[in-house]
Amino acid sequence: MMRHKVIIDADPGVDDAAAIFMALASPELDVLGLSIVAGNVALRDTVANACKLVGLSGRRDVPVHAGAAGPLVREQVYGKYARIGAFDDNLVRPGDVTVSEEHAVHFIVRSAREAVRSGETITICAIGPLTNVALALIQHPDVARGIGQIVSMGGAFEALGHRTPWAEFNIYADPDAAEIVYRSGVPIVVMPLDMTFQALFTPEHFDRFRAGGAAGEALYNLFTTFDRSDVKRFGRPGGPIHDATTIAWLIRPQLFTSRKAFVGVQVTGFTKGYTYADFYQKMDREPNATVVTDVDEAGFIALLIERIARHGP
C-alpha cells in the first residue's frame with residue numbers, strides 16, 4: 001500500500017479535531033506532523049488544542065509545530081466560536097504532549113526539501129488559513145518541488161460564504177495567503193462549502209463517535225456542545241464536518257467528484273475573501289486547481305465514523 005506523506009496544517013477548531021483524529025487512525029497516511037496556525041482561535045489556543053488532540057490519539061510520535069500568529073496583510077479575524085479559546089478540559093481531556101521548538105514554516109520547508117532529496121513528495125492537508133503554507137512558498141520557492149499537492153478545505157462558489165455572505169472562513173481569514181498558494185504552481189485540490197454542505201452529521205452520528213475511546217468521547221463532546229445545524233440553510237437536520245473531507249479524499253477518492261478550474265481570490269475591497277472558479281475558461285486562464293464538487297454522503301459519514309472508532313479500546 002502506498003502511503004501519502006502528509007503534513008496537516010490546521011487551526012483546531014472542532015472540524016479540525018475530526019480531521020486530525022481521522023488522519024492519525026488511517027494507515028494510508030504517514031503523518032509527518034502538524035503545522036498549526038491562528039484561525040478559529042488565537043495561536044496559543046490552536047496549539048494547545050492540537051497538543052491535546054495528539055495526546056488523546058495516542059500518536060505521540062507526531063510532532064506539533066506552532067506557526068503564524070496572524071495573517072500576512074489583513075487585520076486578524078477569528079472563527080465563530082473564538083470566545084471559547086482553548087478546548088475546556090471537561091470537553092477534551094488534557095495530556096502531556098508539548099509543542100516542538102521548530103517553527104511550523106521551517107518544518108514545512110525542511111520536510112519538502114527532504115522529500116526532494118529522497119525522490120518523493122509530500123501532501124499538505126490545509127484545513128485552516130493558508131498563512132503557514134504561503135510563508136513557506138514565499139520565503140523558500142524551491143520547496144514547491146517537494147510538495148506533490150495541497151489539499152485545501154476552503155472557498156465557496158455557488159454556496160457562497162459562512163463567515164460573511166461571500167466568503168468561507170479559511171480564505172477570509174487570510175485571502176492574500178490563499179491567492180499566493182493558488183498561484184504557486186503546486187497542484188491544488190479545493191474542498192469548498194459547495195461540497196462539504198452535502199454531507200450532514202446528526203446527533204445519531206455523533207453518538208457513534210463514542211466508540212473511539214478517549215478521542216471519540218472528546219469528539220462527541222465537541223460536536224454536541226457546539227451546534228452546527230442550520231435547517232434553514234441546509235433544508236434538513238444536521239451539520240457538516242468540513243475539514244475531514246480532505247482526509248477522506250486522500251484515503252477514499254472514489255467518494256468524490258471533481259472538476260478542473262482556474263480558482264482565484266478577491267484580496268481587496270468589501271468582498272475580500274471571495275473565491276471564484278472559472279470552470280468554463282471564460283477568463284482564458286489554464287486551470288490551477290481541482291475543485292471537488294460532490295461527495296457520497298453516506299460513504300463519507302461511514303468512513304469517518306469507522307476511522308474514529310479505531311481510536312477505541
Side-chain angles (χ1 to χ4, degrees), residues 3-13 16 19-20 23-24 26 29-40 43-44 46-51 53-54 59 61-73 97-154 170-171 173-191 243 246-247 249-250 265 288-289:
R3 302 177 73 205
H4 294 276
K5 290 185 177 295
V6 173
I7 290 174
I8 301 175
D9 189 75
D11 62 335
D16 307 71
I20 289 166
L24 295 180
S26 294
L29 306 181
D30 178 8
V31 181
L32 303 177
L34 275 56
S35 58
I36 304 302
V37 64
N40 280 305
L43 182 65
R44 64 180 180 276
T46 56
V47 169
N49 290 345
C51 289
L53 297 172
V54 171
R59 290 291 308 277
D61 58 305
V62 176
V64 176
H65 301 266
L72 296 181
V73 177
V97 172
T98 58
V99 66
S100 169
E101 293 184 3
E102 183 180 28
H103 193 277
V105 174
H106 184 265
F107 167 62
I108 292 171
V109 171
R110 176 175 60 80
S111 300
R113 286 176 172 165
E114 288 175 357
V116 171
R117 285 195 291 272
S118 62
E120 300 176 313
T121 59
I122 62 171
T123 291
I124 296 177
C125 279
I127 54 178
L130 287 161
T131 317
N132 286 339
V133 184
L135 285 170
L137 291 167
I138 292 168
Q139 295 174 2
H140 305 278
D142 65 290
V143 306
R145 294 187 296 120
I147 303 173
Q149 60 182 344
I150 298 168
V151 184
S152 168
M153 190 281 121
N170 287 342
I171 305 300
D174 198 341
D176 301 277
E179 182 71 351
I180 288 166
V181 171
Y182 287 160
R183 293 179 182 271
S184 67
V186 175
I188 310 292
V189 180
V190 178
M191 320 293 276
D243 294 339
T246 61
I247 307 302
W249 190 86
L250 284 175
V265 183
N288 63 347

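When reading the values below, keep in mind they use all heavy atoms of this one structure, side chains included, and skip hydrogens, waters and symmetry mates.
- The shortest heavy-atom contact between P12 and L53 is CB-CD1, 4.1 Å.
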*Tell me, with the steps shown, if L72 and E179 meet side-chain contact (heavy atoms from CB on, under 4.5 Å).*
CA-CA 11 Å; L72 296 181; E179 182 71 351; over 6 Å; no
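- Each of L24, D30, L29 was scored for a side-chain contact (heavy atoms from CB on, under 4.5 Å) with S26, with one residue passing: L29.
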*side-chain contact (heavy atoms from CB on, under 4.5 Å) between I36 and V99: does it pass, once the steps are laid out?*
CA-CA 10 Å; I36 304 302; V99 66; over 6 Å; no
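- Formation of a donor-acceptor pair under 3.5 Å by the H65 side chain with backbone atoms of E102 is found in this model.
- For the residue pair E120 / S118, a side-chain donor-acceptor distance below 3.5 Å is found, with atom types taken as modelled.
- The distance from the OG1 atom of T121 to the NE2 atom of H4 is 9.5 Å, given to the nearest 0.5 Å.
- To the nearest 0.5 Å, atom OG of residue S152 and atom CD1 of residue I188 are 7.5 Å apart.
- I8 contributes atom CD1, which lies 6.0 Å from atom CD1 of I127 (distance to the nearest 0.5 angstrom).
- Between I150 and the choices V133, V189, T123, the side-chain contact (heavy atoms from CB on, under 4.5 Å) rule is met once, by V133.
- For the residue pair V109 and A136, the shortest heavy atom distance occurs at CG2-CB, 3.9 Å.
- Side-chain atoms of D9 and S35 include a donor-acceptor pair closer than 3.5 Å.
- The shortest heavy-atom contact between N132 and A104 is ND2-CB, 3.9 Å.
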*Where do V62 and L34 land on the side-chain contact (heavy atoms from CB on, under 4.5 Å) test, with the steps shown first?*
CA-CA 7 Å; V62 176; L34 275 56; 3.7 Å; yes
*asked:* Applying side-chain contact (heavy atoms from CB on, under 4.5 Å) to T46 and V37, what does each step give before you reach the verdict?
replied: CA-CA 7 Å; T46 56; V37 64; over 6 Å; no
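- Residues L250 and Q149 are in side-chain contact: their nearest non-hydrogen atoms beyond the backbone lie under 4.5 Å apart.
- To the nearest 0.5 angstrom, Q139 atom CD is 10.5 Å from H106 atom NE2.
- Nearest heavy-atom pair across L130 and A178 is CD1-CA, 3.7 Å.
- How far CG of D174 is from OG1 of T131: 3.5 Å, rounded to the nearest 0.5 Å.
- Checking side-chain atoms of D11 against main-chain N and O of P129 turns up no donor-acceptor pair under 3.5 Å.
- Rounded to the nearest 0.5 angstrom, D16 CG and C125 SG are separated by 11.5 Å.
- When all heavy atoms are compared, the tightest approach of T246 to M191 is CG2-CG, 3.8 Å.
- Among all heavy-atom pairs drawn from P63 and L32, the shortest one is CD-O, 3.3 Å.
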